[in-house]
Amino acid sequence: MLHDDIGPAPGPARDLPDWFFEGSSDCIEIIDLQGNIARMNGSGLHAMEVESVEQIRNAPWMGFWPVESQPTVRAALHAALGGKTAHCRAFRPTLKGSPKWWDVNIHPVGDESGKTMHLVAVSRDMTDLHNAELALSEEKERIGLATEAAELGLWRYTPHLHLFTFQNGRARAIFGLAAGSMDRTEEQIVREAIVPEDRDRFQRAIQAACEQGERLTFHGRIRRADGEVRWVDMFGHAHRAEDGSAMYLLGTVLDITDRKSTEQALHDAQLRLAATLNAGEVATWTWDIRKNLVYGDRNIAYLFSLPEEEAHETPLESFMGAIHPDDVDRVSSSILKALQDGTFYQETYRVRARDGKFHWIVARGRVEYDAEGLPMQLPGVVLDVTLQKEIEDKLHASEDRYRALFESIDEGFCIFEILRDAQGEPIDYRFKESNSAFRTQAGYEATPGKTILEIFPDLDRRWIRLYADVAKTGQPVRIQDHVDMLNRWFDIHAVRVGGQGSEHVAVLFTDITNRRETEDDLRRLAFSLAETDQRKTEFLATLAHELRNPLAPIRNGLQLIRLAGNNADTVARVRDMMERQVTHMIHLVNDLLDIARISSGKVELKKREVDLKEIVATAIEANLPSIQNKQHELNVDVPEEAFPLEADATRIAQVLGNLLNNAAKYTPDGGQIDLSMRREGNDAILRVTDSGIGIPVEAQGSIFDMFAQVKDNMGFSHGGLGIGLSLVQSLVQLHGGDVSVSSPGSGQGSSFTVRLPLLDSRRDSALDARSPTGKAKADGAGLRVLLIDDNVDAAQTLAELIQIGGHEVSLAHTGRQGIDAVEGFKPDIVFLDIGLPDMDGYAVLRKIRQGPIGRTVPVAALTGWGADGDRRKTADAGFDHHLVKPAPLPLIESLLAEVAQTLRARKS
Ligand code: ADP
């Protein structure tokens with residue numbers, strides 16, 4: 001029909017067979033060389049929705065193309081006008097405006113000469129195809145966007161090539177491949193990317209997808225080139241050929257590592273939450289205020305000891321039953337208050353839980369109101385804080401213990417904070433706390449808040465520096481130091497409290513002033529002990545020396561006598577010498593024994609009433625030889641009056657003798673010695689002064705100590721042992737007196753003063769009446785003396801001494817000889833040694849007493865033992881006298897005198 005509407009065809013239309021022109025389903029247009037449409041076939045009119053041919057006839061062809069299509073179409077048109085077949089695809093809506101896409105071929109049609117007569121444009125309606133293409137590319141874009149957004153990697157697998165092709169950057173990134181590298185063989189992928197444990201699964205998944213048409217799913221790990229392992233999910237789908245074989249697999253790959261760890265974290269959190277909830281530490285509840293019902297969870301039921309089902313819907317009162325009786329009121333009023341004020345509700349209290357124990361809980365909630373503003377419900381949570389509470393309690397207890405500890409210790413304790421200036425230099429410290437012993441120990445109050453410089457502005461800054469160092473380094477310090485400010489010694493222990501950067505220092509300290517003093521005393525004592533020990537050592541050396549010294553001349557003397565026994569002069573000289581040496585030895589040994597007795601408290605004084613003047617006389621007499629030997633001048637100044645005292649005369653004579661002897665010793669030849677005695681109150685004051693070498697002041701304090709000798713004076717000592725003065729002091733003290741020394745110093749002489757208490761003066765006359773000393777010696781000559789002693793030498797020397805006194809002596813050297821001699825010799829007195837070789841002295845005495853002579857003869861024991869016990873023993877055995885060996889001659893003389901007197905009395 002449309003065909004009819006087409007006007008008469010111009011010439012060129014004739015070139016196209018009609019069946020073709022009209023039979024074609026494409027739109028065919030004849031365009032003249034001016035570019036105008038000459039003809040359009042029926043399909044074209046229809047497709048272009050042309051209603052009347054007039055609308056297009058002779059209209060410019062380009063006019064039907066919209067602006068956006070014109071450049072493309074014009075290029076094709078020009079090419080065709082230029083004689084070439086041209087092609088283009090462009091958009092041209094119909095005349096009614098329907099959008100259409102056209103695939104256009106323009107052919108030039110020429111005459112026989114080849115000259116172009118007109119153009120034929122064949123346009124195929126491509127709209128559907130175009131739309132499909134558009135949709136496809138849109139789809140592609142969407143997929144791209146979606147895969148990008150989902151971070152999906154796209155891949156393709158070609159089974160017969162065993163080749164993977166990675167189709168986007170994401171896929172390459174997931175597999176860790178370099179940009180640009182697209183393809184990998186399956187074998188490469190398996191070897192390089194899939195972790196060994198997952199390789200089998202991966203290959204099976206691919207095989208299954210290709211061969212059995214299953215969807216490919218793989219969940220596994222790949223190890224990237226940089227070594228990182230990632231979790232991936234791969235999905236794929238096979239595209240098949242008609243014979244059913246898989247042409248290729250298309251698929252996605254997704255890196256799910258992060259999701260996996262998030263999942264894991266979520267999972268963990270859920271587990272924790274569940275655990276927390278299960279542990280009953282958190283519980284939730286809601287109180288429907290209008291219905292007065294509480295809805296609680298499992299943990300609420302547990303905490304409030306309710307059966308689980310009841311906790312879902314229970315009046316508030318049921319809950320109150322579980323609350324600790326002491327807390328109920330507080331909780332009720334707190335809830336009421338929250339209701340009234342609409343405030344937040346929070347209360348800490350105890351509930352008895354299903355385990356039968358009270359749990360501490362914290363309940364919190366907030367009232368919710370309805371539209372009218374009326375309270376509707378109170379939802380909340382409950383936390384079981386028993387554990388925290390216990391920890392807090394423990395903390396408090398430990399805090400209390402700490403307090404108690406520091407309050408109970410005797411050490412001072414304080415904590416302070418170091419204060420620094422802008423440069424960080426320590427300038428002061430501020431007290432934070434202190435214990436009560438602080439005051440006692442330090443002597444001041446460490447008031448919290450006060451700084452040390454506020455209390456002691458003059459404090460030695462070294463203390464601040466010291467403590468600041470402790471804070472800075474964290475190194476504790478322990479020192480003993482003198483705090484000048486307090487003038488006390490302290491033992492101080494300082495430590496930093498808190499970690500690095502803390503400026504707090506704790507100080508523990510004790511006043512050790514007393515301890516130090518004691519220590520000093522101890523040190524002094526130890527020193528003086530050492531000194532005593534030293535003196536003792538020196539003493540023993542001296543002693544050995546002094547005892548040996550006299551032995552050499554004695555032995556020589558004996559030799560001499562043996563050789564020149566006939567020469568009376570030599571014998572006399574030697575005897576004198578030996579006498580001196582022996583006397584010296586006896587003196588030494590006696591001193592030693594005395595000092596030993598005194599220091600062991602064994603000395604016994606034989607006190608009797610005596611006139612001190614007589615003792616003085618005896619002492620002078622005894623020491624005159626040593627004074628005269630050195631040509632000293634002795635001045636004695638003793639008043640006429642009597643000086644009665646109760647004393648051991650021998651001992652006091654010994655005291656005076658020692659002082660005189662020292663004076664003689666320590667004074668260079670030709671010196672002067674003064675002895676004076678006077679009365680001071682009821683005391684006798686005896687003073688021995690010499691013009692000798694004197695005693696240095698520093699030595700005077702120790703001169704009376706045992707073994708003390710003045711170093712400088714040693715040259716004058718002549719065999720002293722350093723015990724003479726010690727003996728003097730002890731003996732004087734035993735008599736209730738004292739002795740002192742004074743010397744202006746070396747070379748200026750010394751003076752020793754003895755003070756002795758006197759007896760009551762009223763008794764003086766009685767004393768005068770009976771003088772103890774008599775001139776017995778003169779009357780005692782001519783006795784018969786028997787000496788029984790196994791020590792031949794000792795016996796003989798004694799015998800000679802006695803004989804010199806004008807007596808007749810018989811000697812016996814064994815007990816038997818002695819017994820016989822008694823009846824034969826008929827002695828007036830017997831001296832009997834106790835230790836005899838054949839029988840002891842006691843046995844000998846018993847025998848002697850059996851004879852007529854022996855029955856009455858006085859017998860004196862000769863023994864080395866002189867203690868009271870020894871004397872008692874001999875007296876009990878029947879001895880009349882007790883003499884200690886070596887018996888002093890004067891004693892023997894007075895004994896003989898006594899015997900002579902008795903004999904005379906008996907005769908008359
Ligand atoms: P000794 O004379 O045996 O050494 P003493 O105990 O009698 O011991 O005396 C102790 C020391 O005192 C003597 O060593 C001596 O140094 C000093 N001394 C004692 N008497 C005198 C004195 N009259 N003049 C100087 N020094 C004396």
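In listed order, ligands and their atoms are each counted from 1.
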Asks: Quick check with a 6.0 Å cut-off and a 45 degree axis cone: is R687 positioned over the face of F752's six-membered ring?
Replies: no
Asks: Nearest heavy-atom pair of L895 and A860: which atoms, and what distance?
Replies: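 Taking every non-hydrogen atom into account, CD2-CB, 4.1 Å.
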Asks: Apply side chain to side chain contact (heavy atoms under 4.5 Å, CB included) to the pair L612 and M677, showing each step before the final yes or no.
Replies: CA-CA 9 Å; L612 185 55; M677 181 160 80; 3.5 Å; yes
Asks: Going by an N to O cut-off under 4.0 Å, is there a salt bridge joining E680 and R755?
Replies: yes
Asks: Within ligand 1, which atoms have a heavy atom of I723 less than 4.0 Å away?
Replies: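 Answer, ordered by atom number: 6 (O), 8 (O).
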Asks: Going by heavy atoms, is F752 under 4.0 Å from ligand 1?
Replies: yes
Asks: Side chain or backbone, does S726 bring an N or O within less than 3.5 Å of an N or O on ligand 1?
Replies: no
Asks: Do N487 and H482 have a side chain donor and acceptor closer than 3.5 Å?
Replies: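 Yes, H482 and N487 have a side-chain donor paired with an acceptor closer than 3.5 Å.
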Asks: Out of all atoms in ligand 1, which are within 4.0 Å of some heavy atom of L725? Include the element for each.
Replies: 5 (P), 6 (O), 7 (O), 9 (O), 10 (C), 12 (O), 19 (C)
Asks: Check whether any N or O atom of I703, backbone or side chain, sits under 3.5 Å from an N or O atom of ligand 1, and answer yes or no.
Replies: no
Asks: Please list, in number order, the atoms of ligand 1 under 4.0 Å from a heavy atom of I695.
Replies: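 Counting from 1, the qualifying ligand atoms are 25 (C), 26 (N), 27 (C).
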Asks: Would you say G694 touches ligand 1, if touching means a heavy atom closer than 4.0 Å?
Replies: yes
